[in-house]
*Asks:* 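Take a look at the following structure, please.
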Amino acid sequence: MDSGFSISSEKNRFECRHPLRDVPPRPYIPPLHSSIYRTSNRNTYGDRFIPNRSAMDMDIAQYLLTEPRRDKENKGVASPSKEAYRKLLADTMLQGRTRILSFRNKPPEKVNNMLPDTPSTTQVQPAKQRRHIPQSAERTLDAPDIVDDYYLNLLDWGSANVLSIALQNTVYLWDSSNGSTSELVTIDDDLGPVTSVSWAPDGRHIAIGLTSSDVQLWDTTSNKLVRTLRGIHQSRVGSLAWNKSILTTGGLDGAIVNNDVRARSYTVSTFRAHNHEVCGLRWTGSGKYLASGGNDNLLHIWDLSTTNPIHRFTQHTAAVKALAWCPFQSNLLASGGGGNDRCIKFWNVNTGACQSSVDTGSQVCALLWNKNERELLSSHGYAENQLTLWKYPSMSKMAELTGHSSRVLYMAQSPDGCTVASAAGDETLRFWNVFGVPEVKKPAPKSSFVVGPSNIYSHIR
């Protein structure tokens with residue numbers, strides 16, 4: 001089981017700090033065990049006072065050493081013709097080399113182009129430039145007293161470009177278009193703290209899960225409570241997921257409940273397969289499949305038409321919270337395991353096969369796909385507390401984003417798919433321009449050539 005709950009002991013700090021205010025930049029100090037301190041660059045030329053034997057020609061060196069002694073011994077014996085022949089032979093063999101010792105490798109010789117300088121008839125396509133990935137956060141906001149709990153889901157970004165975050169008993173809204181902050185609701189102490197938030201597809205309504213097992217549905221335009229779902233769980237509701245008008249809730253009791261928020265009797269069905277808390281829920285974009293991860297190290301795939309899981313995956317060895325459906329392959333699911341697992345696994349839900357697995361080296365807290373490129377972003381805990389961008393399917397690291405000083409528990413993606421918000425136990429909310437701006441495809445040029453008798457005739461001429 002992963003370490004879950006941790007709250008800051010300094011409760012009075014919340015009163016003097018303003019939530020979601022800009023935080024002045026602070027220098028990032030990596031831990032002593034960080035790979036930043038490990039220098040892999042070595043001097044390939046060695047010490048400048050020690051000769052490099054591999055770069056020396058020993059035969060020529062011996063000749064240069066013994067030549068003066070031979071000149072003294074044979075002085076006055078050789079004829080002028082022989083002396084001229086000896087000098088010509090030495091110039092030809094030595095090629096102007098007079099140094100005996102060599103202290104570094106010779107530079108590579110320039111390769112002469114044997115082809116004539118003629119214009120090429122084939123056009124070489126320029127290589128696609130690798131986009132720049134900023135290594136620091138674009139913006140940092142203060143998030144005082146955010147609950148440091150691996151099993152909760154306290155951050156979400158709605159389709160109306162408004163980000164929601166739960167700080168203890170209060171849910172705040174941050175409008176990305178103008179940077180304004182508003183307080184939606186503060187829950188009573190006997191019901192809170194807030195354990196999960198999730199925007200409805202319309203970007204107007206938001207679901208809030210509570211420690212008391214209740215789920216509240218709010219209208220953010222009027223700041224009014226629409227309805228409260230009671231009695232669906234025995235304890236706190238740590239995960240939420242929307243499928244059109246169906247709100248799926250996952251609780252500490254291990255139950256998964258599908259609720260139709262339009263109906264008076266809202267409970268549609270209940271899934272029971274987890275033995276511990278359900279900490280991850282994700283519907284596919286089409287609403288066909290639901291993925292659920294729990295603190296029992298299990299990953300299930302569900303179909304709304306049945307109450308039994310169609311797949312049960314047991315390969316993870318720690319809690320499964322991080323779940324992300326692939327936007328360009330609807331049957332592909334990425335899942336991440338906790339501290340004892342540290343792996344990202346890829347599943348084909350049509351066949352039930354695990355396609356690949358990568359050991360990330362640290363606790364996987366959240367996963368997000370790039371909507372425009374074949375890339376996957378993961379957030380991690382100890383020891384680096386970093387965000388890692390992977391190239392799929394090779395899973396080669398493209399970038400590692402550092403700045404958080406505690407495990408990065410929560411991530412959310414902007415509606416346009418370019419910006420990622422991350423919240424961590426260090427009580428900061430950071431925005432990363434990691435996925436970049438998608439390329440705008442130029443429309444094909446329209447031909448002005450109109451087929452007609454005169455055009456055909458001129459073309460023939």
Side-chain angles (χ1 to χ4, degrees), residues 8 12-26 134 136-148 152-188 192-210 215-226 240 242 366 368 371 377 379 387 401 403-404 408-438:
S8 175
N12 56 349
R13 291 186 303 162
F14 187 80
E15 300 177 359
C16 60
R17 293 168 61 183
H18 300 282
L20 305 188
R21 293 286 182 89
D22 284 287
V23 177
R26 304 168 185 170
S136 58
E138 184 180 8
R139 189 171 189 176
T140 303
L141 303 180
D142 197 11
D145 283 351
I146 188 171
V147 180
D148 187 1
L152 304 185
N153 295 272
L154 305 179
L155 184 69
D156 196 20
W157 206 327
S159 59
N161 207 16
V162 178
L163 183 139
S164 62
I165 185 172
L167 304 178
Q168 287 291 338
N169 289 18
T170 306
V171 176
Y172 292 92
L173 304 179
W174 183 79
D175 193 336
S176 177
S177 60
N178 53 25
S180 62
T181 303
S182 61
E183 178 182 327
L184 176 64
V185 60
T186 297
I187 306 298
D188 296 335
V194 178
T195 52
S196 56
V197 293
S198 180
W199 284 98
D202 60 4
R204 174 180 175 181
H205 297 87
I206 187 172
I208 301 175
L210 305 176
V215 177
Q216 296 183 354
L217 186 63
W218 284 78
D219 187 342
T220 59
T221 58
S222 60
N223 281 24
K224 291 184 179 180
L225 177 63
V226 178
L240 302 167
W242 286 90
L368 288 175
K371 297 179 180 180
L377 182 68
S379 67
L387 281 74
L401 312 178
H404 284 291
V408 189
L409 295 173
Y410 318 110
M411 282 201 307
Q413 192 173 13
S414 61
D416 60 3
C418 299
T419 306
V420 171
S422 63
D426 58 5
E427 300 183 345
T428 61
L429 175 64
R430 299 173 186 264
F431 296 86
W432 311 85
N433 188 17
V434 60
F435 289 146
V437 180

*Asks:* Could you report the tightest heavy-atom contact between T419 and D416, atom names first, then the distance?
*Replies:* N-OD1, 4.2 Å

*Asks:* Return the minimal non-hydrogen interatomic distance between G436 and C418, and the atom names on each side.
*Replies:* O-SG, 3.0 Å

*Asks:* Can you name the closest pair of heavy atoms from L152 and T195 and give their distance?
*Replies:* CB-O, 3.4 Å

*Asks:* Could you tell me which non-hydrogen atom of L429 sits nearest to which non-hydrogen atom of A423, and how far apart they are?
*Replies:* CD1-CB, 4.1 Å

*Asks:* Atom OG1 in T220, atom CD1 in I206: separation rounded to 0.5 Å?
*Replies:*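 Taking OG1 in T220 and CD1 in I206, the distance rounds to 7.5 Å.
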
*Asks:* For L210 and V194: C-alpha separation, side-chain torsions, deciding distance, then whether side-chain contact (heavy atoms from CB on, under 4.5 Å) applies.
*Replies:* CA-CA 5 Å; L210 305 176; V194 178; 4.1 Å; yes

*Asks:* Checking the side chain of S198 only, and the main-chain atoms of A207 only, is there a donor and an acceptor separated by less than 3.5 Å?
*Replies:*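 No, because the side chain of S198 does not come within donor-acceptor range (under 3.5 Å) of the backbone of A207.
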
*Asks:* Does the side chain of V420 reach to within under 4.5 Å of the side chain of W157, using non-hydrogen atoms?
*Replies:* no

*Asks:* Write down the atom of P415, the atom of G158, and the distance for their closest heavy-atom approach.
*Replies:*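 Closest pair (atom of P415, atom of G158, distance): CG-O, 3.2 Å.
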
*Asks:* When rounded to the nearest 0.5 angstrom, what distance separates CD1 in I146 from CD in E427?
*Replies:*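 These two atoms lie 8.5 Å from each other.
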
*Asks:* Could you tell me if the side chain of L155 sits less than 4.5 Å from the side chain of V197, heavy atoms only?
*Replies:*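 They are not in contact (no side-chain heavy atoms under 4.5 Å apart), so the answer is no.
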
*Asks:* Checking the side chain of S379 only, and the main-chain atoms of L387 only, is there a donor and an acceptor separated by less than 3.5 Å?
*Replies:*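 Side chain of S379 to backbone of L387, a donor-acceptor pair under 3.5 Å: no, none is there.
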
*Asks:* Compare all side-chain heavy atoms of Y172 with those of L167 and state whether any distance is below 4.5 angstrom.
*Replies:*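 Heavy-atom side-chain distance check passes, below 4.5 Å.
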
*Asks:* Any side-chain heavy atom of Q168 sitting closer than 4.5 Å to one from V147?
*Replies:*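 Touching, per the 4.5 Å side-chain cut-off.
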
*Asks:* First locate atom CE of M411, then atom CG of L368, and finally report the distance between them rounded to the nearest 0.5 Å.
*Replies:* 4.0 Å

*Asks:* Is there a side-chain contact between W218 and V171, using heavy atoms and a 4.5 Å cut-off?
*Replies:* no

*Asks:* One pair to check against side-chain contact (heavy atoms from CB on, under 4.5 Å): L240 and N153. What are the steps and the verdict?
*Replies:* CA-CA 8 Å; L240 302 167; N153 295 272; over 6 Å; no

*Asks:* Do the rings of W432 and H404 sit parallel, tilted or perpendicular, given the 30° and 60° boundaries?
*Replies:*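 Aromatic pair W432/H404 classed tilted.
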
*Asks:* Can you measure from CG (N161) to OG (S177) and round to the nearest 0.5 angstrom?
*Replies:*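 Output value for this atom pair is 6.0 Å.
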
*Asks:* Mind checking whether R139 and D22 have side chains closer than 4.5 Å, heavy atoms only?
*Replies:* yes

*Asks:* Evaluate the criterion side-chain contact (heavy atoms from CB on, under 4.5 Å) for residue pair Y410 and I165; output intermediate values, then yes/no.
*Replies:* CA-CA 10 Å; Y410 318 110; I165 185 172; over 6 Å; no

*Asks:* Do N169 side-chain atoms and T186 backbone N/O form a donor-acceptor pair below 3.5 Å?
*Replies:* no

*Asks:* Looking at side-chain heavy atoms only, is the closest gap between L20 and L163 below 4.5 Å?
*Replies:*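 Counting from C-beta outward, L20 and L163 never come under 4.5 Å.
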
*Asks:* Name all pairs fulfilling the salt bridge (charged side-chain N to carboxylate O under 4.0 Å, His left out) condition that reach into residues 167-183, sequence neighbours left out, sorted by first residue then second.
*Replies:*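 Applying salt bridge (charged side-chain N to carboxylate O under 4.0 Å, His left out) to every pair that reaches into residues 167-183, excluding sequence neighbours, yields nothing.
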
*Asks:* Can you name the closest pair of heavy atoms from L154 and S196 and give their distance?
*Replies:*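 Minimum heavy-atom contact is CD2-N, 3.9 Å.
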
*Asks:* Evaluate the criterion side chain to side chain donor-acceptor pair (under 3.5 Å) for residue pair W199 and S159; output intermediate values, then yes/no.
*Replies:* CA-CA 8 Å; W199 284 98; S159 59; over 6 Å; no

*Asks:* Please determine whether side-chain contact (heavy atoms from CB on, under 4.5 Å) holds for the pair I187 and Q216, giving the CA-CA distance in whole Å, both sets of side-chain angles, and the decisive distance to 0.1 Å.
*Replies:* CA-CA 10 Å; I187 306 298; Q216 296 183 354; 3.6 Å; yes

